[in-house]
Asks: 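Please find one structure pasted underneath; my questions will follow.
The residues of the chain are indexed from 1 along the displayed sequence.
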Amino acid sequence: MKFRTYFLTLLILVLMSLVTFSSVFKYQDSPQIAAISKIGVKAQFGCIEHKTPAALDDDGKLSLLVWNIYKQSRSDWSKALDTYSQGRQLLLLQEAALEKPLRHWVEQGQWNGNQADAFRRFDISAGVLSLAKELPLRACAYTELEPWIRLPKSALYSTYSLSNGQTLAVVNIHAINFTYGTVEYRQQISTLASLLTNHTGR
C-alpha cells in the first residue's frame, strides 16, 4: 500500500513537472533567427542576408567582446555591458534574453543584432546574440538539442565585410554541456567547423 501511494505521488509530481516545463519553455523544430534594429525585431527561419554592408573593421583593426550574459540576471548588466562594449565593433553574447531592456540597449547603442532563438521562456526569446556596428553579409542560426534538459543550445554563423575586400567568418556558440559522452557536442561543433573550413577569407 505504501509503495503504491509513493509510486502514484511520484508519477503525479513527474506529470506536473512536464506540464509546467512545456508551459514555460517552448522551442521551434527548425532554427529561427531574429534581426534586431531600430525598427524592431524581425524573425525568420534559417538565414538573413544583406547585399552591401559596410566594412566591420577600422582599417584592419577589430576589437570584440565575448560574454555569457546569463539572461541579464545581474542587476548591473547594462552598466557592465556599457563598459565592456567600449571601442568594440563586435559583441558575441551567449544566453541573451531578448527582453525590452536589452532591445532598448541595442537600439540606444545603434547596434545591429542577430539572435539565434534557442528557446522561449514565458514567450521571451533566449539564445546567442551577435551585435555589430555594421550589418553582416549573411547570418545563419543553428540549434542542437541538449540531451538531458531537452532544450536546444544555439549558435550563429555570420560573415562580415572587411576593409581589405575579404570576408570575416564568426561563430557565436553556446555549446552543449549537459550530456553523456561527447556525441551531441561533437555534432554541434562539427557542423560549425565544416562551415569555417569551407570559408574563404578570415
Side-chain angles (χ1 to χ4, degrees), residues 27-28 30-72 81 84-98 102-103 105-107 109-120 125-144 152-176 185 187-202:
Y27 62 88
Q28 301 282 349
S30 299
Q32 189 172 18
I33 186 170
I36 304 116
S37 65
K38 293 177 185 177
I39 58 173
V41 179
K42 180 183 177 184
Q44 66 184 57
F45 291 103
C47 301
I48 291 175
E49 295 184 353
H50 302 282
K51 289 186 179 178
T52 54
L56 178 64
D57 61 313
D58 182 12
D59 196 25
K61 295 178 182 177
L62 180 65
S63 182
L64 66 93
L65 165 72
V66 180
W67 187 27
N68 187 320
I69 198 166
Y70 196 55
K71 302 176 188 70
Q72 301 91 258
L81 196 51
Y84 297 156
S85 64
Q86 286 297 313
R88 316 285 185 194
Q89 293 107 322
L90 183 60
L91 312 180
L92 306 179
L93 306 178
Q94 297 81 45
E95 292 195 71
L98 209 55
L102 180 58
R103 293 203 311 264
W105 188 93
V106 171
E107 292 163 10
Q110 297 185 323
W111 294 93
N112 295 290
N114 292 115
Q115 184 188 47
D117 185 355
F119 58 84
R120 291 179 174 267
S125 174
V128 297
L129 174 63
S130 295
L131 300 172
K133 288 300 185 180
E134 303 299 339
L135 292 166
L137 284 159
R138 181 178 171 87
C140 298
Y142 295 86
T143 55
E144 192 71 39
K153 289 292 181 72
S154 60
L156 273 173
Y157 173 80
S158 309
T159 54
Y160 295 90
S161 295
L162 295 176
S163 58
N164 65 1
Q166 292 186 311
T167 59
L168 172 71
V170 176
V171 171
N172 185 358
I173 182 171
H174 188 211
I176 286 175
Y185 173 77
Q187 185 173 323
Q188 185 187 27
I189 296 297
S190 65
T191 300
L192 298 162
S194 66
L195 292 169
L196 292 171
T197 301
N198 295 322
H199 173 72
T200 301
R202 300 272 178 178

Asks: Find out whether Leu102 and Ile36 are in side-chain contact, i.e. whether some heavy atom of one side chain is under 4.5 Å from a heavy atom of the other.
Replies: no
Asks: Does the side chain of Pro136 come within less than 4.5 Å of Asn114's, by heavy atoms?
Replies: yes
Asks: Name the orientation class of the two ring planes belonging to His199 and Tyr157 (parallel below 30°, tilted from 30 to 60°, perpendicular beyond 60°).
Replies: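 Answer is perpendicular, since the angle exceeds 60°.
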Asks: Say you draw a straight line from OG1 of Thr167 to CZ of Arg138; how long is it, rounded to the nearest 0.5 Å?
Replies: 12.0 Å
Asks: For Tyr142, which of Ile173, Leu195, Val171 qualifies under side chain to side chain contact (heavy atoms under 4.5 Å, CB included)?
Replies: Leu195
Asks: Hey, does Pro53 have a side-chain heavy atom less than 4.5 Å from the side chain of Leu137?
Replies: yes
Asks: Under a plain distance cut-off of 3.5 Å, with no hydrogens placed, do Gln115 and Ser125 share a side-chain donor-acceptor pair?
Replies: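 Indeed, the side chains of Ser125 and Gln115 share at least one donor-acceptor pair under 3.5 Å.
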Asks: So Leu62 and Leu168, do their side chains get closer than 4.5 Å, heavy atoms only?
Replies: yes
Asks: Hey, what do you get for NZ (Lys153) to CD (Gln188), rounding to the nearest 0.5 Å?
Replies: 7.5 Å
Asks: Are more than 12 heavy atoms, taken from residues, nucleotides or ligands other than Asp59, located less than 6.0 Å from that residue's CG atom?
Replies: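 Result for CG/Asp59: open.
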Asks: So Leu65 and Leu81, do their side chains get closer than 4.5 Å, heavy atoms only?
Replies: yes
Asks: In terms of side-chain heavy atoms, does Asn172 have a donor or acceptor partner in Gln94 at a distance below 3.5 Å?
Replies: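 Their side chains do contain a donor-acceptor pair, which is all the 3.5 Å distance test asks for.
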Asks: Could you tell me whether a side-chain N or O of Glu134 sits under 3.5 Å from a main-chain N or O of Leu162, the two making a donor and an acceptor?
Replies: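 No; judged by distance alone, with no hydrogens or angles, the pair does not exist.
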Asks: Just how far is it from atom CG of Leu92 to atom CG of Asn68, taken to the nearest 0.5 Å?
Replies: 12.0 Å
Asks: Whether the side chain of Glu95 engages the backbone of Lys71 through a donor-acceptor N/O pair (distance < 3.5 Å, no angle test) should be reported.
Replies: no
Asks: What pair of heavy atoms forms the shortest contact from Ala96 to Gln72, and how long is it?
Replies: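 Taking every non-hydrogen atom into account, CA-OE1, 3.6 Å.
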